[in-house]
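The next block holds one structure in the form of C-alpha coordinates; read it before the comments.
Residue numbering restarts at 1 for every chain, and letters A, B, ... go by the order of the sequence lines.
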Number of protein chains: 2
Amino acid sequence: MPPPAVAVSVDLVLLTLRAGRLCVLLTGRPDAEVWTLPGGFVDGDEDLDRAAARQLTRLTGVTSTGHLEQLRTYGGPHRGPRVSGVSVAYLALLPDLPGTVPSQAGPVWWRPVDEVELDGDAGTGRSRRSEQDLAPDHRRIVADGVERARAKLEYTPLAAAFCEDEFTLADLRRVYEAAWGVALDPPNFRRKVLSTPGFVVALGRRTSTRGGGRPAELYRRGMATALHPPLLRRSV
Amino acid sequence: MPPPAVAVSVDLVLLTLRAGRLCVLLTGRPDAEVWTLPGGFVDGDEDLDRAAARQLTRLTGVTSTGHLEQLRTYGGPHRGPRVSGVSVAYLALLPDLPGTVPSQAGPVWWRPVDEVELDGDAGTGRSRRSEQDLAPDHRRIVADGVERARAKLEYTPLAAAFCEDEFTLADLRRVYEAAWGVALDPPNFRRKVLSTPGFVVALGRRTSTRGGGRPAELYRRGMATALHPPLLRRSV
DNA sequence: ACAAAAGTGTTGTCAATACACCCATGT
DNA sequence: ACATGGGTGTATTGACAACACTTTTGT
(Lines give C-alpha, C1' and ligand atoms only; values in the text may rest on other atoms or scores of the structure.)
Protein backbone atom coordinates (compact mmCIF):
# COMPACT_ATOMS: atom_id res chain seq x y z
CA MET A 1 0.00 0.00 0.00
CA PRO A 2 1.18 3.53 -0.62
CA PRO A 3 2.68 5.44 2.30
CA PRO A 4 0.44 7.99 3.99
CA ALA A 5 0.99 11.52 2.72
CA VAL A 6 1.51 14.39 5.12
CA ALA A 7 1.73 18.17 4.82
CA VAL A 8 5.26 19.39 5.61
CA SER A 9 6.01 22.98 6.49
CA VAL A 10 9.24 24.84 7.20
CA ASP A 11 9.06 27.34 10.06
CA LEU A 12 11.73 29.86 10.99
CA VAL A 13 12.98 30.97 14.38
CA LEU A 14 14.71 34.19 13.44
CA LEU A 15 16.76 35.67 16.27
CA THR A 16 18.51 39.01 16.47
CA LEU A 17 19.72 41.56 18.99
CA ARG A 18 17.79 44.77 19.38
CA ALA A 19 18.61 47.28 22.11
CA GLY A 20 20.56 44.66 24.01
CA ARG A 21 17.74 42.14 24.03
CA LEU A 22 17.39 38.87 22.19
CA CYS A 23 14.36 39.10 19.90
CA VAL A 24 12.43 36.75 17.64
CA LEU A 25 10.55 37.60 14.47
CA LEU A 26 6.83 36.88 14.59
CA THR A 27 4.17 37.27 11.96
CA GLY A 28 0.56 38.11 12.52
CA ARG A 29 -1.73 36.86 9.86
CA PRO A 30 -4.78 39.09 9.58
CA ASP A 31 -7.19 36.23 10.03
CA ALA A 32 -5.48 34.71 13.06
CA GLU A 33 -5.85 35.70 16.68
CA VAL A 34 -2.38 34.60 17.66
CA TRP A 35 1.10 35.35 16.39
CA THR A 36 2.99 32.67 14.53
CA LEU A 37 6.46 31.94 13.30
CA PRO A 38 7.06 32.71 9.64
CA GLY A 39 7.02 29.68 7.41
CA GLY A 40 5.45 27.86 4.53
CA PHE A 41 4.79 24.50 3.00
CA VAL A 42 7.41 22.55 1.11
CA ASP A 43 7.26 20.18 -1.78
CA GLY A 44 8.44 16.61 -1.40
CA ASP A 45 11.22 17.08 -3.88
CA GLU A 46 12.40 20.34 -2.41
CA ASP A 47 15.56 20.50 -0.37
CA LEU A 48 14.63 21.52 3.17
CA ASP A 49 17.68 23.72 3.71
CA ARG A 50 16.99 25.52 0.47
CA ALA A 51 13.35 26.01 1.37
CA ALA A 52 14.37 27.54 4.68
CA ALA A 53 16.88 29.84 2.99
CA ARG A 54 14.20 30.95 0.58
CA GLN A 55 11.88 31.80 3.46
CA LEU A 56 14.66 33.78 5.12
CA THR A 57 15.33 35.83 2.01
CA ARG A 58 11.64 36.45 1.51
CA LEU A 59 11.32 37.80 5.05
CA THR A 60 14.46 39.82 5.46
CA GLY A 61 16.06 40.33 2.09
CA VAL A 62 19.36 39.04 3.40
CA THR A 63 21.02 36.28 1.46
CA SER A 64 24.46 35.20 2.56
CA THR A 65 25.20 36.78 5.90
CA GLY A 66 24.23 35.36 9.25
CA HIS A 67 23.59 31.76 10.09
CA LEU A 68 20.86 29.26 9.28
CA GLU A 69 20.58 25.71 10.59
CA GLN A 70 17.93 23.11 11.09
CA LEU A 71 16.53 23.09 14.60
CA ARG A 72 14.11 20.21 15.03
CA THR A 73 11.03 18.67 13.54
CA TYR A 74 7.69 18.82 15.30
CA GLY A 75 4.77 16.68 14.45
CA GLY A 76 1.72 14.85 15.55
CA PRO A 77 -1.23 15.90 17.62
CA HIS A 78 0.83 18.18 19.88
CA ARG A 79 0.35 21.02 17.48
CA GLY A 80 -3.21 21.65 18.48
CA PRO A 81 -6.63 21.20 16.98
CA ARG A 82 -7.10 21.64 13.26
CA VAL A 83 -3.31 21.52 12.80
CA SER A 84 -1.86 18.36 11.34
CA GLY A 85 1.27 17.42 9.54
CA VAL A 86 4.86 18.00 10.54
CA SER A 87 6.81 21.22 10.89
CA VAL A 88 10.55 21.37 10.26
CA ALA A 89 11.87 24.30 12.29
CA TYR A 90 15.00 26.23 11.33
CA LEU A 91 17.05 28.58 13.45
CA ALA A 92 18.52 31.77 11.97
CA LEU A 93 20.82 34.26 13.67
CA LEU A 94 21.02 37.74 12.20
CA PRO A 95 22.48 41.14 13.01
CA ASP A 96 19.96 43.83 13.78
CA LEU A 97 18.35 44.75 10.49
CA PRO A 98 18.41 48.42 9.52
CA GLY A 99 15.24 50.24 10.37
CA THR A 100 12.00 48.40 10.03
CA VAL A 101 11.75 44.97 8.51
CA PRO A 102 11.33 45.27 4.74
CA SER A 103 8.94 42.39 4.72
CA GLN A 104 7.20 41.21 1.62
CA ALA A 105 5.23 38.78 3.68
CA GLY A 106 2.68 40.76 5.61
CA PRO A 107 2.99 42.28 9.06
CA VAL A 108 5.93 41.12 11.15
CA TRP A 109 7.27 42.14 14.58
CA TRP A 110 10.37 41.65 16.61
CA ARG A 111 9.47 40.45 20.09
CA PRO A 112 11.91 39.95 22.99
CA VAL A 113 12.23 36.26 23.72
CA ASP A 114 11.91 36.69 27.46
CA GLU A 115 8.44 38.07 26.87
CA VAL A 116 7.58 35.12 24.67
CA GLU A 117 8.76 32.77 27.39
CA LEU A 118 6.20 34.34 29.71
CA ASP A 119 3.28 33.71 27.36
CA GLY A 120 0.96 31.07 28.62
CA ASP A 121 2.17 31.30 32.19
CA ALA A 122 -1.42 31.52 33.26
CA GLY A 123 -2.17 32.64 36.78
CA THR A 124 0.80 33.88 38.74
CA GLY A 125 2.47 37.16 38.12
CA ARG A 126 1.48 38.30 34.72
CA SER A 127 -1.18 40.94 35.17
CA ARG A 128 -2.60 41.10 31.71
CA ARG A 129 -2.50 38.89 28.71
CA SER A 130 -0.97 40.35 25.58
CA GLU A 131 -3.39 41.28 22.88
CA GLN A 132 -1.89 38.47 20.86
CA ASP A 133 -0.01 35.57 22.37
CA LEU A 134 2.17 33.23 20.40
CA ALA A 135 0.59 29.93 19.45
CA PRO A 136 1.49 27.30 22.05
CA ASP A 137 3.26 24.95 19.66
CA HIS A 138 5.27 27.80 18.22
CA ARG A 139 6.15 28.96 21.71
CA ARG A 140 7.86 25.66 22.34
CA ILE A 141 9.73 25.95 19.05
CA VAL A 142 10.97 29.39 20.02
CA ALA A 143 12.10 28.05 23.41
CA ASP A 144 14.01 25.23 21.72
CA GLY A 145 15.61 27.65 19.29
CA VAL A 146 16.69 30.04 22.01
CA GLU A 147 18.15 27.20 24.04
CA ARG A 148 20.02 25.93 20.98
CA ALA A 149 21.42 29.38 20.33
CA ARG A 150 22.48 29.82 23.96
CA ALA A 151 24.21 26.46 23.93
CA LYS A 152 25.94 27.03 20.62
CA LEU A 153 27.43 30.27 21.84
CA GLU A 154 29.44 28.16 24.23
CA TYR A 155 31.32 26.00 21.79
CA THR A 156 31.05 27.74 18.42
CA PRO A 157 32.05 31.21 17.17
CA LEU A 158 28.43 31.80 16.23
CA ALA A 159 28.06 34.93 18.32
CA ALA A 160 29.57 36.82 15.39
CA ALA A 161 26.46 35.96 13.37
CA PHE A 162 24.58 38.46 15.52
CA CYS A 163 27.06 41.20 14.63
CA GLU A 164 27.75 43.18 11.51
CA ASP A 165 30.67 42.17 9.34
CA GLU A 166 32.97 44.39 11.38
CA PHE A 167 32.49 44.49 15.12
CA THR A 168 34.30 45.26 18.35
CA LEU A 169 34.94 42.84 21.16
CA ALA A 170 32.42 44.78 23.20
CA ASP A 171 29.80 44.10 20.53
CA LEU A 172 30.61 40.41 20.72
CA ARG A 173 30.55 40.44 24.48
CA ARG A 174 27.14 42.08 24.48
CA VAL A 175 25.82 39.19 22.40
CA TYR A 176 26.77 36.76 25.13
CA GLU A 177 25.45 39.03 27.84
CA ALA A 178 22.09 39.47 26.11
CA ALA A 179 21.67 35.80 25.23
CA TRP A 180 22.75 34.42 28.59
CA GLY A 181 21.45 37.23 30.76
CA VAL A 182 24.72 37.58 32.62
CA ALA A 183 27.47 40.17 32.91
CA LEU A 184 30.88 39.13 31.63
CA ASP A 185 34.17 40.59 32.70
CA PRO A 186 35.51 42.57 29.71
CA PRO A 187 39.21 41.82 30.27
CA ASN A 188 38.62 38.10 30.72
CA PHE A 189 36.31 37.94 27.74
CA ARG A 190 38.89 39.69 25.62
CA ARG A 191 41.63 37.33 26.71
CA LYS A 192 39.49 34.28 26.03
CA VAL A 193 38.38 35.35 22.56
CA LEU A 194 41.82 36.45 21.40
CA SER A 195 43.46 33.29 22.71
CA THR A 196 41.08 31.08 20.73
CA PRO A 197 42.61 30.64 17.27
CA GLY A 198 40.29 31.51 14.43
CA PHE A 199 37.54 33.05 16.54
CA VAL A 200 38.14 36.61 15.32
CA VAL A 201 40.77 38.36 13.23
CA ALA A 202 41.89 41.90 13.93
CA LEU A 203 41.47 44.43 11.15
CA GLY A 204 44.07 46.88 12.49
CA ARG A 205 41.53 49.67 12.49
CA ARG A 206 39.52 51.32 15.20
CA THR A 207 36.02 52.59 15.57
CA SER A 208 35.52 56.27 15.09
CA THR A 209 34.36 56.76 18.62
CA ARG A 210 30.68 56.34 19.16
CA GLY A 211 29.30 58.12 22.18
CA GLY A 212 32.48 58.62 24.10
CA GLY A 213 35.21 56.40 25.38
CA ARG A 214 38.36 55.00 23.93
CA PRO A 215 37.98 53.81 20.34
CA ALA A 216 37.80 50.04 20.15
CA GLU A 217 39.64 47.80 17.73
CA LEU A 218 37.63 46.29 14.91
CA TYR A 219 37.48 42.57 14.15
CA ARG A 220 35.76 40.26 11.76
CA ARG A 221 34.82 36.66 12.24
CA GLY A 222 37.55 34.05 11.81
CA MET A 223 37.68 30.67 10.17
CA ALA A 224 37.14 28.51 13.22
CA THR A 225 34.00 26.39 13.37
CA ALA A 226 34.37 25.34 16.99
CA LEU A 227 35.83 26.79 20.16
CA HIS A 228 38.45 24.78 22.00
CA PRO A 229 38.10 24.95 24.85
CA PRO A 230 34.55 26.29 24.95
CA LEU A 231 33.40 29.52 26.53
CA LEU A 232 31.26 28.07 29.28
CA ARG A 233 28.49 29.83 31.11
CA ARG A 234 28.87 29.48 34.80
CA SER A 235 25.76 27.58 35.78
CA VAL A 236 22.71 26.09 34.11
CA MET B 1 -4.94 25.62 -2.69
CA PRO B 2 -4.25 22.60 -0.50
CA PRO B 3 -0.69 22.11 0.73
CA PRO B 4 1.39 19.50 -1.09
CA ALA B 5 1.43 16.14 0.65
CA VAL B 6 4.66 14.30 1.31
CA ALA B 7 5.61 10.85 2.57
CA VAL B 8 7.25 11.08 6.00
CA SER B 9 9.31 8.27 7.45
CA VAL B 10 11.06 7.80 10.79
CA ASP B 11 14.50 6.19 10.59
CA LEU B 12 16.56 4.98 13.53
CA VAL B 13 20.28 5.26 14.19
CA LEU B 14 20.66 2.62 16.87
CA LEU B 15 24.08 2.66 18.51
CA THR B 16 25.57 0.21 20.96
CA LEU B 17 28.92 -1.09 22.16
CA ARG B 18 30.02 -4.53 21.08
CA ALA B 19 33.48 -5.84 21.84
CA GLY B 20 34.73 -2.37 22.56
CA ARG B 21 33.54 -0.94 19.26
CA LEU B 22 30.73 1.46 18.52
CA CYS B 23 28.22 -0.30 16.27
CA VAL B 24 25.08 0.67 14.40
CA LEU B 25 22.09 -1.52 13.61
CA LEU B 26 21.44 -2.03 9.90
CA THR B 27 18.69 -3.89 8.13
CA GLY B 28 18.94 -5.68 4.83
CA ARG B 29 15.73 -5.91 2.98
CA PRO B 30 15.68 -8.97 0.75
CA ASP B 31 14.86 -6.96 -2.35
CA ALA B 32 17.50 -4.29 -1.82
CA GLU B 33 21.13 -4.41 -2.77
CA VAL B 34 22.23 -2.06 -0.04
CA TRP B 35 21.80 -1.96 3.70
CA THR B 36 19.48 0.58 5.22
CA LEU B 37 18.61 2.03 8.57
CA PRO B 38 15.52 0.56 10.20
CA GLY B 39 12.47 2.74 9.90
CA GLY B 40 8.96 3.14 8.64
CA PHE B 41 6.36 5.60 7.52
CA VAL B 42 4.35 7.71 9.91
CA ASP B 43 0.88 9.08 9.82
CA GLY B 44 0.28 12.80 9.91
CA ASP B 45 -1.51 12.60 13.23
CA GLU B 46 1.08 10.38 14.83
CA ASP B 47 3.53 11.77 17.36
CA LEU B 48 7.03 11.50 15.92
CA ASP B 49 8.68 10.59 19.21
CA ARG B 50 6.11 7.89 19.79
CA ALA B 51 6.58 6.50 16.31
CA ALA B 52 10.31 6.29 16.88
CA ALA B 53 9.83 4.56 20.22
CA ARG B 54 7.52 2.06 18.56
CA GLN B 55 10.15 1.31 15.93
CA LEU B 56 12.74 0.83 18.66
CA THR B 57 10.60 -1.64 20.54
CA ARG B 58 9.77 -3.50 17.38
CA LEU B 59 13.46 -3.93 16.60
CA THR B 60 14.96 -4.67 19.96
CA GLY B 61 12.19 -5.50 22.39
CA VAL B 62 13.49 -2.92 24.83
CA THR B 63 11.05 -0.38 26.13
CA SER B 64 12.24 1.99 28.80
CA THR B 65 15.98 1.65 29.13
CA GLY B 66 18.52 3.51 27.09
CA HIS B 67 18.07 6.81 25.34
CA LEU B 68 16.13 8.01 22.32
CA GLU B 69 16.18 11.48 20.83
CA GLN B 70 15.43 13.15 17.56
CA LEU B 71 18.50 13.64 15.41
CA ARG B 72 17.62 15.59 12.31
CA THR B 73 15.29 15.62 9.36
CA TYR B 74 16.51 14.88 5.88
CA GLY B 75 14.59 15.67 2.76
CA GLY B 76 14.59 16.65 -0.83
CA PRO B 77 16.42 15.30 -3.82
CA HIS B 78 19.58 14.49 -1.86
CA ARG B 79 18.17 11.15 -0.93
CA GLY B 80 18.81 9.66 -4.32
CA PRO B 81 16.77 8.52 -7.28
CA ARG B 82 13.37 7.01 -6.72
CA VAL B 83 13.41 8.25 -3.11
CA SER B 84 11.24 11.20 -2.27
CA GLY B 85 9.72 12.61 0.85
CA VAL B 86 11.38 13.49 4.13
CA SER B 87 13.01 11.28 6.71
CA VAL B 88 13.01 12.16 10.40
CA ALA B 89 16.03 10.44 11.92
CA TYR B 90 16.19 9.42 15.58
CA LEU B 91 19.24 8.49 17.60
CA ALA B 92 19.09 5.67 20.14
CA LEU B 93 21.80 4.56 22.54
CA LEU B 94 21.55 1.07 23.98
CA PRO B 95 23.59 -1.36 26.03
CA ASP B 96 24.79 -4.42 24.19
CA LEU B 97 21.76 -6.61 23.68
CA PRO B 98 22.03 -10.19 24.94
CA GLY B 99 22.94 -12.64 22.23
CA THR B 100 21.56 -12.07 18.80
CA VAL B 101 19.00 -9.43 18.05
CA PRO B 102 15.50 -10.81 18.63
CA SER B 103 14.25 -8.97 15.64
CA GLN B 104 10.71 -9.25 14.43
CA ALA B 105 11.59 -7.12 11.45
CA GLY B 106 13.65 -9.22 9.11
CA PRO B 107 17.41 -9.60 9.00
CA VAL B 108 19.42 -7.08 10.97
CA TRP B 109 23.15 -6.72 11.68
CA TRP B 110 25.37 -4.75 13.98
CA ARG B 111 28.10 -3.03 12.02
CA PRO B 112 31.03 -1.04 13.47
CA VAL B 113 30.59 2.61 12.66
CA ASP B 114 34.20 3.07 11.60
CA GLU B 115 33.55 0.57 8.83
CA VAL B 116 30.44 2.43 7.78
CA GLU B 117 32.41 5.65 7.65
CA LEU B 118 34.72 4.02 5.12
CA ASP B 119 31.89 3.05 2.76
CA GLY B 120 31.90 5.05 -0.39
CA ASP B 121 35.50 6.15 0.00
CA ALA B 122 36.07 5.09 -3.55
CA GLY B 123 39.63 4.70 -4.74
CA THR B 124 42.27 5.10 -2.08
CA GLY B 125 42.91 2.58 0.57
CA ARG B 126 40.00 0.28 0.74
CA SER B 127 40.91 -2.88 -1.10
CA ARG B 128 37.53 -4.41 -1.63
CA ARG B 129 34.03 -3.16 -1.47
CA SER B 130 31.73 -4.80 1.03
CA GLU B 131 29.17 -7.11 -0.38
CA GLN B 132 26.58 -4.61 0.73
CA ASP B 133 27.33 -0.97 1.35
CA LEU B 134 25.06 1.33 3.24
CA ALA B 135 22.88 3.59 1.12
CA PRO B 136 24.62 6.96 0.68
CA ASP B 137 21.90 9.05 2.28
CA HIS B 138 21.74 6.70 5.24
CA ARG B 139 25.49 6.83 5.53
CA ARG B 140 25.31 10.53 6.16
CA ILE B 141 22.58 10.01 8.73
CA VAL B 142 24.77 7.53 10.57
CA ALA B 143 27.68 9.98 10.49
CA ASP B 144 25.49 12.72 11.93
CA GLY B 145 24.21 10.39 14.64
CA VAL B 146 27.68 9.26 15.62
CA GLU B 147 28.88 12.83 15.78
CA ARG B 148 25.89 13.79 17.93
CA ALA B 149 26.59 10.91 20.28
CA ARG B 150 30.28 11.78 20.53
CA ALA B 151 29.46 15.39 21.28
CA LYS B 152 26.77 14.56 23.83
CA LEU B 153 29.16 12.40 25.80
CA GLU B 154 31.05 15.57 26.55
CA TYR B 155 28.38 17.50 28.33
CA THR B 156 25.73 14.99 29.35
CA PRO B 157 25.80 11.81 31.45
CA LEU B 158 24.54 9.88 28.45
CA ALA B 159 27.42 7.44 28.42
CA ALA B 160 25.50 5.43 30.99
CA ALA B 161 22.88 4.73 28.33
CA PHE B 162 25.41 2.39 26.71
CA CYS B 163 25.80 0.44 29.95
CA GLU B 164 23.60 -1.96 31.85
CA ASP B 165 21.68 -0.68 34.84
CA GLU B 166 24.64 -1.46 37.06
CA PHE B 167 28.10 -0.73 35.78
CA THR B 168 31.64 -0.02 36.90
CA LEU B 169 33.59 3.12 36.23
CA ALA B 170 35.75 1.07 33.87
CA ASP B 171 32.63 0.16 31.87
CA LEU B 172 31.77 3.82 31.64
CA ARG B 173 35.30 4.75 30.68
CA ARG B 174 35.30 2.17 27.90
CA VAL B 175 32.24 3.88 26.42
CA TYR B 176 34.18 7.08 26.05
CA GLU B 177 37.24 5.29 24.75
CA ALA B 178 35.26 3.40 22.12
CA ALA B 179 33.21 6.38 21.01
CA TRP B 180 36.10 8.83 20.88
CA GLY B 181 38.81 6.42 19.84
CA VAL B 182 41.14 7.62 22.56
CA ALA B 183 42.64 6.18 25.73
CA LEU B 184 41.64 7.87 28.96
CA ASP B 185 43.62 7.85 32.16
CA PRO B 186 41.63 5.73 34.63
CA PRO B 187 42.48 7.74 37.76
CA ASN B 188 41.64 11.04 36.13
CA PHE B 189 38.42 9.67 34.68
CA ARG B 190 37.41 8.34 38.04
CA ARG B 191 38.07 11.66 39.75
CA LYS B 192 36.17 13.56 37.13
CA VAL B 193 33.08 11.35 37.18
CA LEU B 194 32.87 11.14 40.96
CA SER B 195 33.35 14.88 41.36
CA THR B 196 30.44 15.64 39.04
CA PRO B 197 27.30 15.65 41.19
CA GLY B 198 24.55 13.40 39.91
CA PHE B 199 26.58 11.68 37.23
CA VAL B 200 26.65 8.28 38.99
CA VAL B 201 25.62 6.99 42.39
CA ALA B 202 27.55 4.27 44.18
CA LEU B 203 25.68 1.12 45.10
CA GLY B 204 28.09 0.07 47.84
CA ARG B 205 28.63 -3.30 46.19
CA ARG B 206 31.43 -4.69 44.10
CA THR B 207 31.70 -6.92 41.09
CA SER B 208 32.58 -10.51 41.69
CA THR B 209 35.89 -10.23 39.92
CA ARG B 210 35.60 -10.89 36.22
CA GLY B 211 38.75 -11.98 34.49
CA GLY B 212 41.19 -11.18 37.25
CA GLY B 213 42.06 -8.00 38.97
CA ARG B 214 40.66 -6.10 41.90
CA PRO B 215 36.84 -6.09 42.07
CA ALA B 216 35.41 -2.76 41.00
CA GLU B 217 32.68 -0.80 42.68
CA LEU B 218 29.25 -0.80 41.09
CA TYR B 219 27.34 2.33 40.18
CA ARG B 220 24.11 3.28 38.55
CA ARG B 221 23.26 6.40 36.63
CA GLY B 222 22.47 9.55 38.62
CA MET B 223 19.90 12.27 38.26
CA ALA B 224 22.03 14.86 36.48
CA THR B 225 21.03 15.86 32.97
CA ALA B 226 24.15 17.86 32.18
CA LEU B 227 27.81 17.79 33.18
CA HIS B 228 29.33 20.91 34.70
CA PRO B 229 32.01 21.37 33.71
CA PRO B 230 31.93 19.05 30.69
CA LEU B 231 34.24 16.15 30.05
CA LEU B 232 36.04 17.49 27.02
CA ARG B 233 37.86 15.48 24.43
CA ARG B 234 41.26 16.89 23.81
CA SER B 235 41.08 17.82 20.14
CA VAL B 236 38.57 17.76 17.32
C1' DA C 1 39.98 77.71 26.12
C1' DC C 2 41.32 74.90 29.62
C1' DA C 3 40.95 71.54 33.27
C1' DA C 4 38.43 68.15 35.57
C1' DA C 5 35.25 64.31 35.42
C1' DA C 6 33.13 60.47 33.46
C1' DG C 7 32.82 56.70 30.07
C1' DT C 8 34.89 53.03 27.44
C1' DG C 9 38.46 49.91 25.98
C1' DT C 10 43.00 47.72 26.87
C1' DT C 11 46.89 45.73 29.61
C1' DG C 12 48.63 43.46 33.71
C1' DT C 13 48.62 40.74 38.11
C1' DC C 14 47.37 37.17 41.32
C1' DA C 15 44.89 33.27 43.32
C1' DA C 16 41.77 29.40 42.66
C1' DT C 17 40.64 25.77 39.90
C1' DA C 18 40.94 22.01 36.60
C1' DC C 19 43.57 18.83 34.36
C1' DA C 20 47.52 15.71 32.47
C1' DC C 21 51.02 12.85 33.92
C1' DC C 22 53.05 9.79 37.13
C1' DC C 23 53.72 6.71 41.30
C1' DA C 24 51.99 3.65 44.86
C1' DT C 25 48.95 0.22 46.95
C1' DG C 26 45.27 -3.36 47.45
C1' DT C 27 42.98 -7.52 45.68
C1' DA D 1 46.40 -7.54 35.76
C1' DC D 2 43.37 -4.34 37.14
C1' DA D 3 40.91 -1.00 40.34
C1' DT D 4 41.79 2.48 43.42
C1' DG D 5 44.17 6.33 46.05
C1' DG D 6 47.35 10.10 46.17
C1' DG D 7 50.81 13.80 44.55
C1' DT D 8 52.81 17.42 41.40
C1' DG D 9 53.41 20.66 37.65
C1' DT D 10 51.01 23.19 34.01
C1' DA D 11 47.23 25.49 31.79
C1' DT D 12 42.92 27.86 32.14
C1' DT D 13 39.89 30.86 34.49
C1' DG D 14 37.77 34.46 37.81
C1' DA D 15 38.39 38.63 40.27
C1' DC D 16 40.39 42.89 40.36
C1' DA D 17 43.69 46.73 39.73
C1' DA D 18 45.90 50.00 36.65
C1' DC D 19 46.37 52.45 32.40
C1' DA D 20 45.00 54.69 27.74
C1' DC D 21 42.05 57.29 24.92
C1' DT D 22 37.88 59.95 24.08
C1' DT D 23 33.81 62.86 25.07
C1' DT D 24 31.32 65.73 28.26
C1' DT D 25 30.98 69.23 31.77
C1' DG D 26 32.25 73.26 34.49
C1' DT D 27 34.63 77.56 35.10
Worksheet item: Out of C/dG9, D/dC16, C/dC19, which nucleotide sits closest to the side chain of A/Ala170?
Response: C/dG9

Discussion item. Between B/Arg190 and D/dC2, is there a contact of a side-chain N or O with OP1 or OP2 at under 4.0 Å?
Written reply: no

Worksheet item: Between A/Asp96 and A/Arg18, is there a side-chain N and carboxylate O pair less than 4.0 Å apart?
Response: yes

Response to the item:
Whole-Å distance, A/Leu169 CG to C/dT8 P, equals 16 Å

Worksheet item: Nearest-Å distance, CZ (B/Arg233) to P (C/dA20)?
Response: 14 Å

Item to complete: Kindly indicate, with the supporting measurements, whether the criterion side chain to side chain donor-acceptor pair (under 3.5 Å) is fulfilled by B/Tyr74 and B/Asp144.
Response: CA-CA 11 Å; B/Tyr74 303 82; B/Asp144 287 348; 2.6 Å; yes

Practice prompt. Would you mind classifying the nucleic acid contact of B/Arg173 as base, sugar-phosphate or nothing, using non-hydrogen atoms under 4.0 angstrom?
Written response: sugar-phosphate

Worksheet item: Which of these nucleotides, C/dA20, C/dG9, D/dC21, is closest to any side-chain atom of A/Pro215?
Response: D/dC21

Discussion item. Without decimals, in angstroms, what is the distance between B/Phe189 CZ and C/dC21 P?
Written reply: 16 Å

Practice prompt. For B/Leu172 and D/dC2, give me the distance from atom CG to atom P, rounded to whole Å.
Written response: 18 Å

Item to complete: Would you classify A/Gly213 as touching base, sugar-phosphate or nothing, given that sugar-phosphate means primed atoms plus P, OP1 and OP2, and contacts are heavy atoms under 4.0 Å?
Response: base

Fill in: Position toward the 5' end of DNA chain D (nearest nucleotide), B/Asp185 or A/Gly212
B/Asp185

Fill in: Atom-pair distance (NE2 on B/His228; P on C/dC19), nearest Å
13 Å

Worksheet item: Atom CG of A/Leu227 to atom C1' of D/dT13: distance rounded to whole Å?
Response: 15 Å

Worksheet, complete the sentence: Rounded to whole Å, CG of B/Asn188 lies from C1' of D/dG7 at a distance of 12 Å

Fill in: Heavy-atom neighbours of A/Arg50 CZ exceed 12 at 6.0 Å
no

Worksheet item: Would you call B/Asp49-A/Arg72 a salt bridge at under 4.0 Å N-O?
Response: yes

Item to complete: Whole angstrom is fine here: how far is it from NZ in B/Lys192 over to P in C/dA18?
Response: 8 Å

Worksheet item: For B/Arg191 and A/Ala216, take the nucleotide of DNA chain C holding the closest heavy atom to each; which residue's nucleotide lies nearer the 5' end?
Response: A/Ala216

Worksheet, complete the sentence: Checking C/dG26, D/dT12, D/dG5 against the side chain of B/Arg214 (C-beta onward), the nearest is C/dG26

Worksheet item: For DNA chain C, whose closest nucleotide is more 5', that of A/Glu217 or that of B/Ser195?
Response: A/Glu217

Worksheet item: Is it true that A/Asp185 and A/Arg234 make a salt bridge, defined as a side-chain N closer than 4.0 Å to a carboxylate O?
Response: no

Worksheet item: Across the strands shown, which category fits A/Pro187 at heavy-atom distances under 4.0 angstrom: base, sugar-phosphate, nothing?
Response: base

